[in-house]
Protein chains: 2
Amino acid sequence: MNIGENKTWNHHVVKEGNKSLVLKKIINHSPISRAAVAQEVGLNKGTVSSLVNDLLDDQLIYESGPGKSSGGRRPVMLLFNEKAGYSIGIDIGVNYLLGVLTDLNGNICIEKEVTFKNLSYEEIEKQLFNTIDHLTESAPPSPHGIIGIGVGVPGIVDNNGEILLAPNLKWKNLNLKLVLENRYQLPIIIENEANAGAYGEKRFGAGKDSEHIIYVSAGIGIGVGLILNGALYKGSNGFSGELGHMTIQVNGPTCRCGNKGCWELFASEQALLTAAEKMNIFSHSGKELELSDLMVLAEQGDPKVIALFEQAGDYLGVGINNIINSFNPQQVIIGNRMASSSKWLTKTLTDRVSNQALWFQQNDLTICFSELSTFSSALGAAAFSIENFLSVSMQQKTSLKA
Amino acid sequence: MNIGENKTWNHHVVKEGNKSLVLKKIINHSPISRAAVAQEVGLNKGTVSSLVNDLLDDQLIYESGPGKSSGGRRPVMLLFNEKAGYSIGIDIGVNYLLGVLTDLNGNICIEKEVTFKNLSYEEIEKQLFNTIDHLTESAPPSPHGIIGIGVGVPGIVDNNGEILLAPNLKWKNLNLKLVLENRYQLPIIIENEANAGAYGEKRFGAGKDSEHIIYVSAGIGIGVGLILNGALYKGSNGFSGELGHMTIQVNGPTCRCGNKGCWELFASEQALLTAAEKMNIFSHSGKELELSDLMVLAEQGDPKVIALFEQAGDYLGVGINNIINSFNPQQVIIGNRMASSSKWLTKTLTDRVSNQALWFQQNDLTICFSELSTFSSALGAAAFSIENFLSVSMQQKTSLKA
DNA sequence: AAAACTTTGTTTAGCCACTAGACTAACAAT
DNA sequence: ATTGTTAGTCTAGTGGCTAAACAAAGTTTT
């Protein structure tokens with residue numbers, strides 16, 4: 001809600017904004033007293049009292065017992081009621097579906113994962129419904145119930161939540177948002193998996209204190225989610241962050257996207273597996289080679305496999321250098337499946353960056369691996385719904401008097 | 001001013017926001033009546049009347065004669081008073097200094113350019129003072145006078161306006177902002193030249209109607225300015241857009257930045273000149289080869305030179321592809337000196353993009369060359385001051401009653 | 001223990017910018 | 001001239017804010 005936007009300003013907006021400020025203060029600094037809130041956000045005591053009463057009515061916060069006196073009357077401590085409602089976050093992967101039920105603080109209450117291979121859309125949809133149904137039924141009773149469902153998908157999602165393309169799932173022009181809205185009558189948010197992961201890390205993970213975060217989702221392919229000025233940046237149509245197809249080698253090998261020398265040909269899980277297969281490294285299980293097989297081998301000290309990881313780390317660093325030069329972020333977070341191999345990637349990656357990134361870009365910059373491990377996307381998806389719910393809750397109620 | 005920010009909301013903010021809305025409406029739709037403004041921005045007629053009176057008092061707008069009746073009383077038309085004050089914009093190049101005096105709509109009233117070679121900082125500072133002095137003295141009388149000075153420099157500028165590094169000028173840790181503030185007692189803004197150019201194109205050039213613009217400043221080096229969500233994005237410390245040093249060729253030729261395979265080694269003016277020299281193409285003037293020499297040769301139909309341009313266009317396309325994949329912009333604008341050679345660059349550039357950019361990225365995407373030609377940066381720098389002035393003007397006055 | 005001081009939280013009066021709608025002004029159509 | 005329409009001002013009322021008084025509930029001083 002920028003001052004430049006075509007939105008008129010009136011008393012409702014003022015109250016909405018201040019209420020939001022008060023709630024955020026309580027969420028981030030609980031337990032806290034009314035007086036402290038007033039002082040810290042710069043509002044009048046009376047105003048804060050009134051807003052706090054609204055929030056109490058909405059059951060978004062609650063009063064705990066009195067706190068410690070600092071020489072006068074003991075303050076009444078306010079706490080965020082993180083159990084006022086629950087959010088469902090889903091992460092649809094190429095061969096898994098992960099669902100979580102979280103409270104309003106992003107604490108995972110229940111998780112449910114199913115794995116599969118080569119399922120049709122209809123079959124995945126069935127799994128999706130099952131998962132959501134299960135999570136919904138298992139949710140503890142709460143004033144606001146399930147406040148929304150967020151879904152992260154490995155594909156291109158436009159600004160209306162329509163999935164234009166999910167190559168690895170073979171989905172095309174699929175309006176999953178509509179499907180879920182019709183079935184569940186709840187606010188639904190569909191997002192690209194990397195965007196969801198970025199948001200998850202910003203809200204609950206390694207990026208909590210940063211305003212400029214680039215989340216690199218390195219899995220079978222590479223996707224990137226951008227948190228700029230504290231908010232997800234989606235570009236003109238919602239397609240930002242397709243950095244897996246950034247050229248890092250002009251006239252390099254051809255990618256399935258038609259371009260040449262794409263980053264994900266060098267630094268993704270798929271790149272690692274392809275390189276390993278070329279070196280005649282096979283899965284000891286006899287099945288198709290998987291990342292976990294390589295990790296086992298690396299753990300056993302296999303120098304060829306370790307070299308492969310190190311090579312991938314170096315290439316990751318090349319792309320991350322480009323990202324740093326583009327965005328001047330505070331933080332780069334590497335997530336998704338490749339993050340599990342951080343052990344063997346870190347050194348070559350950080351070497352590449354510290355040797356080659358422009359010196360002034362390296363101040364105040366941290367590069368790290370996901371804190372939420374495999375939950376980034378699911379948690380981020382859940383967080384979208386939470387954000388939306390809290391934002392709507394700030395709005396004026398049409399007062400229904402008894 | 002986001003609702004999430006740590007800013008309290010009160011009546012002043014409401015008025016400021018609405019006043020800004022009204023002024024913007026008048027600027028972009030003048031001549032317009034009070035009634036039309038009220039209807040279009042969604043405010044009450046009375047409110048608009050009151051805000052308009054404030055703006056009239058500030059002389060930011062004026063009333064022209066009555067407009068055409070549409071069946072009732074004839075409306076009083078309101079116009080933006082673009083001559084209420086003047087802004088100075090300076091573009092410091094490697095071997096030139098361009099200053100413009102603009103009105104509040106970015107119309108250039110006076111321009112002054114000096115060219116030089118290898119001047120020390122002190123000598124350039126003298127030229128800078130001369131230029132500013134001349135523009136100030138030549139400014140027509142106006143209610144608000146000179147409202148600020150903006151300077152675009154080819155280097156790294158941090159968020160405080162300090163020039164950390166301008167390699168081609170051999171400047172380092174220079175606080176030009178302080179120097180100018182002390183001398184002129186005016187609001188001073190120092191910005192990177194590509195950022196200024198991007199802002200110039202957004203406000204007055206090819207990007208007027210877009211919210212997501214990437215401006216590629218292709219000169220001796222390559223810098224990039226980012227307009228995201230309608231605003232300049234500067235990153236965590238102000239160093240975003242250093243895309244000239246994006247790797248497009250892993251382990252390619254070494255750049256002066258220490259990295260390898262940087263974009264500007266392939267697609268900048270310097271790249272073109274270096275390639276030409278290797279092919280034994282010399283300036284007919286006998287002096288050092290310049291871009292203008294190559295343009296003359298290309299104009300004469302020299303196939304070798306044309307091929308060089310086409311090659312550069314292709315490489316420009318490679319980097320622009322990466323930009324498109326990163327940002328999903330509405331518009332990519334190529335500016336600075338290479339824009340003058342658009343004639344020979346366009347085809348290979350657009351071929352590269354249309355063949356290799358992801359298909360969904362290409363909807364609603366326009367790629368074009370600067371509309372403001374060599375004035376992008378100077379105008380953008382001037383625009384920063386205008387923006388700042390108008391924003392301050394919206395704020396409440398401490399009423400000084402006679 | 002009483003008095004004095006501190007701090008918390010509520011209440012009250014007043015302010016300011018907004019809205020709705022009455023009003024005045026100025027025009028066109030009949 | 002009368003009627004209808006549009007533009008702009010004025011007035012009363014509303015809502016959310018602030019400042020300051022007040023009430024409540026502590027601690028510290030005497």
Side-chain angles (χ1 to χ4, degrees), chain A residues 3 7-22 25-26 31-57 61-78 394-399 401, chain B residues 3 7-22 25-26 31-57 61 63-78 394-399:
Chain A
I3 224 170
K7 169 146 184 24
T8 58
W9 299 70
N10 54 38
H11 296 128
H12 297 286
V13 179
V14 169
K15 184 163 185 183
E16 190 181 328
N18 284 335
K19 204 159 147 186
S20 176
L21 277 178
V22 169
K25 189 51 110 180
I26 296 172
I32 188 171
S33 69
R34 288 170 174 77
V37 171
Q39 212 200 330
E40 291 187 32
V41 306
L43 285 166
N44 187 276
K45 283 192 298 171
T47 308
V48 169
S49 252
S50 149
L51 295 173
V52 161
N53 283 337
D54 276 18
L55 293 171
L56 284 169
D57 285 348
I61 59 173
Y62 63 94
E63 295 180 326
S64 78
K68 273 200 177 164
S69 161
S70 60
R73 173 174 166 178
R74 291 162 69 189
V76 179
M77 301 316 268
L78 303 169
M394 293 304 101
Q395 284 165 29
Q396 203 67 339
K397 303 273 188 317
T398 46
S399 61
K401 282 175 186 168
Chain B
I3 224 169
K7 168 146 185 26
T8 58
W9 299 71
N10 54 37
H11 296 129
H12 298 287
V13 179
V14 170
K15 184 163 185 181
E16 191 180 326
N18 284 335
K19 204 158 146 186
S20 176
L21 277 179
V22 169
K25 188 51 104 179
I26 296 173
I32 188 171
S33 70
R34 288 168 174 79
V37 170
Q39 212 200 330
E40 291 186 32
V41 307
L43 285 166
N44 186 277
K45 284 192 297 172
T47 308
V48 170
S49 251
S50 150
L51 295 173
V52 160
N53 284 337
D54 276 18
L55 293 172
L56 284 170
D57 285 348
I61 59 173
E63 295 180 327
S64 77
K68 272 200 179 165
S69 162
S70 60
R73 173 174 166 177
R74 291 161 69 189
V76 178
M77 302 316 271
L78 302 169
M394 294 303 100
Q395 284 166 29
Q396 203 67 339
K397 303 272 187 318
T398 45
S399 61

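Numbers restart at 1 for each chain; the letters A, B, ... are given by sequence-line order, proteins then strands. Keep in mind the model is a prediction, meaning the values are calculated, not measured.
- For the pair A:R74 and A:N44, both in contact range of DNA chain D, the more 5′-proximal nearest nucleotide belongs to A:N44.
- Summarising the geometry, the separation between CG on B:N53 and P on C:dA17 is reported as 14 Å, rounded to the nearest angstrom.
- Going from atom CD of A:E63 over to atom C1' of C:dT8 covers 12 Å, rounded to whole Å.
- Taking side-chain N and O atoms only, A:N18 has no distance below 4.0 Å to OP1 or OP2 of D:dG16.
- Here the shortest heavy-atom pairing between B:L43 and B:L51 reads CD1-CD1, 4.3 Å.
- For the pair A:R74 (side chain) and A:K68 (backbone), a donor-acceptor distance under 3.5 Å is absent.
- Straight-line distance from the CG atom of A:D54 to the P atom of D:dG15: 13 Å, rounded to whole Å.
- Residue-to-nucleotide proximity on DNA chain C shows that, of A:S50 and B:S50, the 5′-proximal contact is made by A:S50.
- The interatomic distance linking B:R34 (CZ) with C:dA26 (P) rounds to 14 Å, in whole Å.
- Note on B:V48: nothing from the nucleic acid sits closer than 4.0 angstrom, heavy atoms only.
- Following rounding to the nearest Å, A:K45 (NZ) and C:dT12 (P) show an atom-to-atom distance of 15 Å.
- Counting to the nearest Å, the P atom of C:dA20 and the CG atom of B:L43 are 11 Å from each other.
- Within a 6.0 Å sphere centred on CD of B:E63, heavy atoms belonging to other residues, nucleotides or ligands number more than 12.
- Looking only at side-chain heavy atoms (C-beta outward), A:V52 and A:V37 stay at 4.5 Å or farther from each other.
- In the interface, the side chain of B:R73 is not paired with the base of C:dA26 through any donor and acceptor atom under 3.5 Å apart.
- Rounded to a whole Å, the CG atom of B:L21 is 11 Å from the P atom of C:dC18.
- Sequence order on DNA chain D of the closest nucleotides to A:V14 and A:S70 puts A:V14 first from the 5' end.
- In this structure, of C:dC16, D:dT18, C:dC18, it is C:dC18 that holds the atom nearest to the side chain of B:T47.
- In this model, no side-chain donor or acceptor of A:H11 finds a partner on the base of D:dG16 within 3.5 Å.
- Backbone-only contact: B:S33 has heavy atoms under 4.0 Å from sugar-phosphate atoms and none from a base.
- Using a 4.0 Å cut-off, no side-chain N or O of B:N10 falls inside it from OP1 or OP2 of D:dT18.
- Closest-nucleotide positions on DNA chain C for A:G71 and A:A36 were compared, and the one nearer the 5' end corresponds to A:G71.
- When rounded to the nearest whole Å, the span between CD of A:Q39 and P of D:dT18 equals 14 Å.
- Checking side-chain atoms of A:N53 against main-chain N and O of A:L56 turns up no donor-acceptor pair under 3.5 Å.
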